[in-house]
Each structure stands twice: as C-alpha cells, then as structure tokens.
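The model shown is predicted, which means the values in this text are computed figures rather than measured ones.
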Amino acid sequence: MELLRFQQASLAFGTHPVLDHVDFSLFTGERVCLVGRNGAGKSTFLKLLTGQQNLDDGQIVMTNGVILSRLEQDPPAKMDVKIADFIREGAGDLADKLQQFYTLSENLEGAGDAEYRLFERLQSELDARDGWGLESRVQMLCEQFAMDGNNSLATLSGGWLRKAALARALIAKPDILLLDEPTNHLDVAAINWLEQFLLSFNGAIIFISHDRAFIRALATRIIDLDRGQLTSHPGNYQEYLDRKQKILEDEQQHNALFDKKLADEEVWIRQGIKARRTRNEGRVRALKALRQERAARVEVLGKVDFNIEQAARSGKLVFEAKNLSHAFGGVPILQNLDLLVMRGDRIALVGPNGVGKSTLIKLLLGDYQQDSGEIKRGTNIEVAYFDQHRMALDLNATVQDNVADGKQEIMQNGNSRHVLSYLQDFLFPPLRARTPVRALSGGEKNRLLLAKLFAKPSNLLILDEPTNDLDVETLELLEDILQQYQGTVLLVSHDREFVNNTVTSSLLFAGNAKIVEITGGYDEVVSWQQRQSAASSKVNSKAESDSSKTVEKPVEALVSNGKKLSYKEKRELELLPALIEQLDAQLSALQLQVNDADFFKNSAEQTQQTLNLLQETESKLAQAYQRWEELEAAIS
C-alpha cells in the first residue's frame, strides 16, 4: 500500500536546488535509507514530510489516516521531566484531549448543548486515534525499553536518551518513522539493539545514516539525493554503490563528449563571423541551445581532498603503562593494566559508553593522574586531538579564523598556503569560509575540525568519535588517510566498518575494569567475545561442581579464632568464598553474553530476562562482598 507520494516536488535555496521536480513513493513495510553528500538536503527532505518546510512547487500527497513520527536527533531541551511524561508528549494533543474528556464526563450533569457536542466530538476522536490505551502504551514502552517511567530524563546517558526519544516517537503508533542519524553517539551494543528493534518494526521507515554497517543491516531500498535529483536503488547497499559508480562514470563520459562538441561549435561560430554568407542559421540556434544546456548543468560536488601535516617521527616508544589502575568515585575504571603503544600502531578503543575509553586516553596524555602504576611517555610526541564535543572550535569565529587564527596564510608541508585555498580542499568555498561556525551543520563542523587538526604537524593522532555526521565519501577518504599516516593513531569509534578498515589492533573494555588487547578490528573483537562466551559456560559449570572445595584454610583459622561470631555467622563466613566465586563466574558469563553482537537478535522478552538477571547478579555479588567485610571486621 502506498503511504505517501512526492509529485514533481521542487525546492531551492537561492541557486542551490534541493529537489528539482522529483517524484517519489513510499510503501508499507519499506525501510528506505536516504543517502547523499553533506549539504545535499537530506534533513530538509525529512522536514518537508513533517511540515517544517514547504515546497516551492509540486505537492506531497499523504494517504488518509497515515500517522508519521520523527526520532529527534538533538537531546531534549528540558531534562527535568519524568521519562513517562516525556514519552507521553509524543502523542501530541491526545493526552490533553483525554484529560478534557474525563473532566467533561465528570460534569455532564446539567451541562449545555455545547458541552455535550464537545463531549461527543472528543469521544469520536479518541475512538479513532486509540486514545483510550495511551497510558497503557506509555507503561508498555517503558517496560519494553527497560526504563523506569518515574525517573527523570536527567538520569539517562546519551544512549538511554536516544531510547527514550524512540519511545516518544512510537507512542503515537506511527505508520511512518523518520530517523535522522539514529546511531550518532550510540555505542555498539545500543546500535545492535536499535537494529533489531527496527527490523521488527511493522511500519515503514525513512532514515538518514552514514553508518555503513547499519545501512547494510537495515535498508531494503536506497534513495540517493544528488544535485536536486532523487534516484531510487532497490536492493542492498553494495548494489547501490556499484550502480552509483556506473552512473557517475557514464555522466562523466557524456559531459566530456558534450563539452567537446560545444568547443567545436564555438570554433565554428567564430569562423562564421569571417564568412557570414556560409553560416547555417539552424546550426547557430543549435549552438545557443548547447550553451543554455551547459549553463544549466549542475556539477558534481567536488570531493574532499586533504592530507595530514606530519611532524618529525616520534620515538619508537609512544606509551608504556605498567600496573596502571584508576577509579572514579570508588568505581574501578582500570585495574593493573599493562599496555605498550609503539610508533605506527593504529589502535581502536572498543566498549560501551561510559566505560572509561576517554579516561584511558587522558591518563596516557597526562591530563589525569593515575591512582597507581606508572606511565612512560615517548619522546618528540606531537598530538592532534579530535574531540567529539568539538571544544577546539570557536563557534563565534569564522571558519577561516578557526583554522588560521586570524591570519591569511598557513604553513603546510613547509610551504605557505592561503587559508581559503586550503579550506576548499575540505569543501568550504570562500563564501562559506567566512561564515561563523555556529551556522554550520554537524558534518561541516566535523570537516572543519579535521581541517584545523590536519593543518598542524602531528605524529600522534587521537580521534574521539570522528565519524559522526560525516558523509560516506569523506569517511572513506579519512580511512585512506589513516592507513597511510606514518604516525600513531588512537581511535574511539562505534562505527564498526570504520574500525575494521583502519586499525591494526583493538583494546576491548570487557567490564570489571578489565581491558583486553585483540589483534584486528571490530570483527575480531566479536569473534573473541564469542569464544569467551562459549568457554565461560564450561567454567561456570565447573565452578558449581567444585563449590564445596573452595573453602580456604586461612578463612577457617579466622573463624576458629573469632569469639564475636555466632555459630550461624561462622558458618556463613565459611560459605561466602564459594558463593562469591560462583556469583562472579555467573556475572562474567552474563556480561559476555550481553556484549555478544548477536545478543539483541533474541526476542525482547529473552533480552529483558537476561538484563534483569545481570542486574540481580551484580546486586547479589555486591551484597556478598559487603557481608564478607562485615564478618571479617567482627573477628579482626
């Protein structure tokens, strides 16, 4: 069934066409990925669907009764609201109408005709929009997403905020779900969860994403927005890439032939001025048409073309950490870490948000002081740091002033170069280069930060979430640059394909302050987790069978000497080591299971049961340790 249709839709900003007489249809069950270069108009396309932007010409036809919701990209403006209230707001005026109906129903006795008509109108609308089940849907979504509706939004991390925003978008039971860069700032576990959730969503989806693995997993059709034209590519993402490459090659050949013909005709017309009597008027008219066609041609947007200004080589040793430990608020982040980073290493830091990846980087750089252990730093290190929060950018300064600090020239590879010329390599034309940074899109800000970093010599490149908002072509070029970079790279990214294509090894934050070094990228991390998960089940069964043999003699001695413990407490202390070992083994197995890439392919019920069991086991282990300390203190 057709849900919506674009008919000869046109929209332009100045001379820049966003849509140029475009036709497009969306059908039930489709998962359509909208791709295109930064600035092509993808987010504007979604705004047209939500009514935030109007067409210049043409029309958008929506099938009657179709409900459309959008997952907001930005975090909520107000954070001091309950999660349930935030989700309920996604139903629009439905909650207000429901409250209005109940208020009228309590005061119908003695009401006038106007109140009765309003009461009947509200009842009819609530019937049509399934308003009666609103509260139960809010509760169901909170349970489905494992969130306490009474908690405040302020208690949620970035990934959980995105889940709350998705629940808010789903409360209206939409037929069409719009997603703008839904994986930005999500860790891999959250991305896997989102993939599985969207694969089970019954409605149609239009989404914008530059996460190639996410596109491959989700999209049933690709639509390419390029210079105002919308081209549909049924099938998978790789087939789209192959077809797109062929289209651009054919276009290039056609334009070359066209330009040669135009050049030949321009030569002829100049000769015709000398021999006016031989001029063919039909040929003159054809030349005018060629000129008009050439003037109307919209050129392919240039490709980003950048290089990293490389400093002199650092020493062979970049970082060496021995027995490194660090904690925040009593919670261990790193414990007894031994790490060696050598010149030329390209290392990814992999793990959930908040696990300590950025903390490790700051410890290595000396921005944080470790609790224990030692860090040796190499010689001649020149750092370029890409911060995911873009703190290095001055939002009130212009693009060129951010790169050149108010100067007109920058030094690159030992040569002086005008900053406007340099910025054009990053797709900032002179007019855009004089724009304040606050007016840039997210992708442009990330390109600008790369331009600022790469203008200065470096031999240690630290990239913290560099892929957010970058288009695929820029990502692929950045991959090539990193592979050719002669210095050392530390990368924090949840873009699985980007990690696979750029690093030589990975540091997996495996939980319980444990960090494991694995040769290879994200795929090798997943393989390691699967092997550990299989092995942990054997360890768990062995721990259960040997639990009666785990009481150690030192504990028995403590019990025999203790005079403050009752017999029951002594017996409890004897059994605690076995219990702690058993709970610790169970917890490790559960954490490996949750970290597995296939975990979220299970049903929502199975997933939630495992997550609940993980939380329950963590609580039991903490209680066991606390009880152990209490009993030991009593006999000391």
Side-chain angles (χ1 to χ4, degrees), residues 157-160 187-190 319-341 347-377 462 464 490-494 499 505-519 522 524-526 528-533 535-536 539-540 543 576-577 579-596 599 610-611 613-629:
S157 64
W160 283 97
D187 57 34
V188 173
F319 296 116
E320 183 178 14
K322 292 183 178 179
N323 250 359
L324 186 65
S325 295
H326 192 68
F328 272 133
V331 178
I333 303 296
L334 314 167
Q335 264 189 338
N336 302 322
L337 172 66
D338 292 329
L339 176 65
L340 187 63
V341 179
I347 303 173
L349 280 65
V350 180
N353 287 333
V355 78
K357 301 185 294 295
S358 297
T359 299
L360 176 56
I361 289 174
K362 292 183 183 298
L363 286 168
L364 293 175
L365 292 176
D367 296 339
Y368 290 167
Q369 180 62 42
Q370 66 269 23
D371 295 341
S372 62
E374 58 179 302
I375 300 174
K376 183 179 180 181
R377 300 175 181 89
I462 297 176
D464 192 352
L490 297 180
L491 169 68
V492 178
S493 178
H494 301 301
V499 170
S505 62
S506 301
L507 295 178
L508 172 62
F509 287 67
N512 293 330
K514 180 182 179 182
I515 298 177
V516 181
E517 186 168 6
I518 298 169
T519 301
Y522 178 75
E524 286 71 28
V525 169
V526 172
W528 182 89
Q529 289 174 324
Q530 290 172 343
R531 292 194 300 271
Q532 292 299 306
S533 181
S536 67
V539 172
N540 194 27
L576 271 172
L579 176 61
I580 289 172
E581 184 176 345
Q582 180 181 349
L583 288 171
D584 192 47
Q586 290 176 353
L587 184 61
S588 297
L590 287 167
Q591 286 174 330
L592 286 170
Q593 187 178 346
V594 170
N595 288 334
D596 194 310
F599 172 70
T610 305
L611 291 174
L613 183 57
L614 176 65
Q615 186 176 3
E616 181 183 344
T617 306
E618 286 177 337
S619 177
K620 287 181 178 178
L621 184 59
Q623 291 173 4
Y625 273 120
Q626 183 178 359
R627 184 58 175 160
W628 172 280
E629 292 174 358

Can you confirm whether [X] sits close enough to [Y] that some side-chain heavy atom of one is under 4.5 Å from a side-chain heavy atom of the other?
X: L337; Y: L360; answer: yes
X: I361; Y: D464; answer: no
X: I462; Y: L365; answer: yes
X: V516; Y: Q532; answer: no
X: K376; Y: F319; answer: no
X: V350; Y: I518; answer: no
X: E524; Y: S506; answer: no

Straight-line distance of [X] [atom1] to [Y] [atom2], nearest 0.5 Å:
X: D338; Y: I515; atom1: CG; atom2: CD1; answer: 11.0 Å
X: H326; Y: Q369; atom1: NE2; atom2: CD; answer: 9.0 Å
X: L339; Y: K322; atom1: CG; atom2: NZ; answer: 12.5 Å
X: W528; Y: E517; atom1: CH2; atom2: CD; answer: 12.5 Å
X: L491; Y: L507; atom1: CG; atom2: CG; answer: 11.0 Å

Closest non-hydrogen atom pair between [X] and [Y], with its separation:
X: L364; Y: R377; result: O-NE, 2.6 Å
X: Q335; Y: S325; result: CA-OG, 3.5 Å
X: P332; Y: A327; result: CA-CB, 3.8 Å
X: I333; Y: G356; result: CG2-CA, 3.7 Å
X: Q370; Y: L324; result: CB-CD1, 3.4 Å

Item to check | With V355 via side chain to side chain contact (heavy atoms under 4.5 Å, CB included) - residues at least two apart | outcome: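 If we apply the side chain to side chain contact (heavy atoms under 4.5 Å, CB included) test to V355, skipping adjacent residues, the hits are P352, K357, F509.
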Checklist entry - For K620, what residues pass the side chain to side chain donor-acceptor pair (under 3.5 Å) criterion, not counting sequence neighbours? => result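 By the side chain to side chain donor-acceptor pair (under 3.5 Å) rule, K620 matches E616.
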